[in-house]
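FYI, the numbering just counts along the sequence from 1. Start at 1 and go down the list; that is how both ligands and their atoms are numbered.
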Amino acid sequence: MTSYGLVIGGNSVKTESDFAVYNKYSGEEMGRVSKAEKSHVEAAVASAEETFKNDSLSPYERYEILNKAAHLLKERKEEIAKVLVGEVGKTITEARVEADRAVQTMLLSSEEAKRLSGEIVPISASPGSENRFGYYIRVPIGVVCAITPFNVPLNLACHKIGPAIAAGNTVVWKPASDTPLSAFILMEILTEAGLPAGYVNLICGSGSKVGQWLLEDERIGKYTFTGSPGVGKEIKEKSGLRNVSLELGNNSPNIIHKDADLEKAAQSCVKWGFTTAGQACISVQRIYVHNDIKQEFLEKMVKYTKEVIVGDPMDDRTTIGPLISEKEAIRVKEWIDEAVSQGAKIVTGGSQNGPFIEPTILEDVEETMKVVCEEIFGPVVTILPFDELEEAIQKANNSNYGLQSGIFTSNINTAMYAVKKLHTGGVIINDGSTYRADLMPYGGVKNSGIGNEGPHYAIEEMTELKTVVMNLS
Ligand code: NDP
């Protein structure tokens, strides 16, 4: 059984205690990982700080390193995909997609390393400053702390580490305790790509402990976090005046208007409602369907849902693997049962077996039910009928979240009206709210977070402006 040490200053550091990482389908132990104590967190931050102070990598060198890392990720795609299947429980098809996307995220980051620039500021236009010339440049913040979640452990880490390194920062990274194994592959790849020791330091251990130590450390200049809103709020409260980016949850609304292509809409809602067993922050969850086409749409949804294959995630035919744990599956099942006890009807699915939840469609739901108003994070979608678009948009906006939404319509005016009115960080037209390309700006409003990812945009948040004024008189 492989035992993994923390990575501090390029050294593998084995600590006194460790924890096991399990295969989420078979339950077998995949490896053991060292648990960080406070002293290790301090050492990791010290390494990142020292490396930042002595940094001599040029933008072109950063480009070359990240570009090489992207190519190495590509070469090791199959090996990486298998680790993701094991530690996350996602299917091999989903795992390959994640590995491919991680390649793109690193490539995009590498390209951005050559584009860090500034702008001339027309200071001479200010009365009394006629002889002055000014401009600003973007400079790195320093030590960036990246805290990442279990559901997309590799690509979401690349979304933080890639831009941080491209912008000239150094990193302390804490992956989710359920899924730290892919992190060790990424560390190996970064080293092989030529990233010197100390630029990325990897520490593992429970979020509540390690997270606290990280938040207390004033040497960290920025926290970039993806995870649950509760932890996001805690990070915001405890980070004081330091810079934070938070990518949090959602209970994504999707509107199916009466003029939509129902076949495509149903296929899309099934695909995006159940991908990664519904454990995606932008998973289709609330489906607002026009009453005129509700029955036809629902029949199509049921037809495609019945084609979903639940089972061994390593099997190429499987479309849904297990949830991250049986505990989470039990929680999802409780939410379904609670909704049913409050009047909801199960159209299809609804059962739980160990860590598996059968893909589930619920109708006759109320806005106050947890399956509607909270983030379910399981393969469950809810059907909410409407008569007027305005009503659907108002209900879609009636949420504490606002990450992405979707609208299906064949009318450009309807689509653009929805774009204007939907209060979410992104609106997807004629595809589910779950669509994401790694180069696009991606971030939420309300409790879905602060700031944007996508390497170009993440870099803006991982740098500070420095203004330069010359007195030429
Ligand atoms: P968690 O918030 O439980 O964990 C995320 C990370 O935070 C883990 O590394 C965890 O460590 C760590 N952590 C836990 N407690 C603390 C703490 N007190 N201080 C600092 N760090 C802490 O989220 P999940 O991993 O369960 O991920 C699911 C959530 O992530 C969902 O809400 C989902 O919507 C959201 N998400 C958002 C995305 C976005 O881009 N907006 C994308 C993907 C997911 P440990 O594992 O050790 O507990």
Once you restrict to heavy atoms under 4.0 Å, what part of [X] touches ligand 1? Side chain, backbone, both or neither.
X	result
Leu156	side chain
Glu375	side chain
Ile324	neither
Pro175	backbone
Thr226	both
Val210	neither

>> Between Thr318 (side chain only) and Ile309 (backbone N and O only), is there a donor and an acceptor less than 3.5 Å apart?
In response: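 Not at all, since once roles are kept as given, no pair shorter than 3.5 Å links the two residues.
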> For the residue pair Ala183 and Pro175, what are the closest heavy atoms and their distance?
Replying inline: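 Closest pair (atom of Ala183, atom of Pro175, distance): CB-CG, 4.1 Å.
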> Tyr401 ring centre to Lys446 NZ or CZ under 6.0 Å, with the angle to the axis within 45°?
Replying inline: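 So Lys446 doesn't make the cation-pi contact.
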Check ligand 1 against [X] and write out every atom of the ligand that is under 4.0 Å from a heavy-atom position of the residue.
X	value
Phe377	28 (C), 31 (C), 33 (C), 34 (O)
Gln212	18 (N)
Gly205	47 (O)
Leu403	41 (N)
Ser206	47 (O)
Asn151	43 (C), 44 (C)
Glu247	37 (C), 38 (C), 39 (C), 40 (O), 41 (N)

> Do the charged groups of Arg32 and Glu29 touch, with an N to O distance under 4.0 Å?
Replying inline: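 Between Glu29 and Arg32 there is a salt bridge, with a charged N closer than 4.0 Å to a carboxylate O.
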> So, Asp100 and Arg96, do they make that salt bridge, N to O below 4.0 Å?
Replying inline: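 Judged by the 4.0 Å cut-off on N to carboxylate O distance, Asp100 and Arg96 do not form a salt bridge.
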>> Are more than 12 heavy atoms, taken from residues, nucleotides or ligands other than Lys236, located less than 6.0 Å from that residue's NZ atom?
In response: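 Open: at most 12 neighbouring heavy atoms sit under 6.0 Å from NZ of Lys236.
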>> Taking atom CE as the centre, does Met440 end up with more than 12 heavy-atom neighbours from other residues, nucleotides or ligands that are less than 6.0 angstrom away?
In response: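 Yes, because the 6.0 Å sphere around CE of Met440 holds more than 12 heavy atoms from other groups.
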Around [atom], find the nearest protein heavy atom and jot down its residue, atom name and distance.
atom	result
atom 27 (O) of ligand 1	Pro149 CB, 3.5 Å
atom 46 (O) of ligand 1	Ser177 N, 2.8 Å
atom 41 (N) of ligand 1	Leu248 O, 2.7 Å
atom 8 (C) of ligand 1	Thr148 O, 3.3 Å
atom 20 (C) of ligand 1	Gly211 CA, 3.4 Å
atom 1 (P) of ligand 1	Ser228 OG, 3.5 Å
atom 17 (C) of ligand 1	Gly207 O, 3.4 Å
atom 42 (C) of ligand 1	Cys281 SG, 2.8 Å

>> Using heavy-atom distances only, which candidate in Lys174, Glu234, Glu453 approaches atom 18 (N) of ligand 1 most closely?
In response: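 It is Glu234 whose heavy atom sits nearest to atom 18 (N) of ligand 1.
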Return yes if a side-chain donor-acceptor contact under 3.5 Å exists between [X] and [Y], otherwise no.
X	Y	value
Asp18	Ser34	no
Gln212	Glu234	yes
Lys160	Thr148	no
Tyr442	Glu453	no

>> Set out, in order, the CA-CA distance, both residues' side-chain angles and the distance that settles side-chain hydrogen bond (donor to acceptor under 3.5 Å, both in side chains) for Gln279 and Lys90, then state yes or no.
In response: CA-CA 9 Å; Gln279 301 165 113; Lys90 60 175 59 181; over 6 Å; no
>> Checking side-chain contact (heavy atoms from CB on, under 4.5 Å) between Ile235 and each of Thr224, Leu214, Ile147, which is the one that passes?
In response: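 Of the listed residues Thr224, Leu214, Ile147, the side-chain contact (heavy atoms from CB on, under 4.5 Å) partner of Ile235 is Ile147.
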> Short check: is a protein heavy atom less than 4.0 Å from atom 34 (O) of ligand 1?
Replying inline: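 At least one protein heavy atom is under 4.0 Å away.
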> Can Glu461 and Ser245 be said to form a side-chain hydrogen bond (donor to acceptor under 3.5 Å, both in side chains), step by step?
Replying inline: CA-CA 7 Å; Glu461 313 218 357; Ser245 293; 3.0 Å; yes
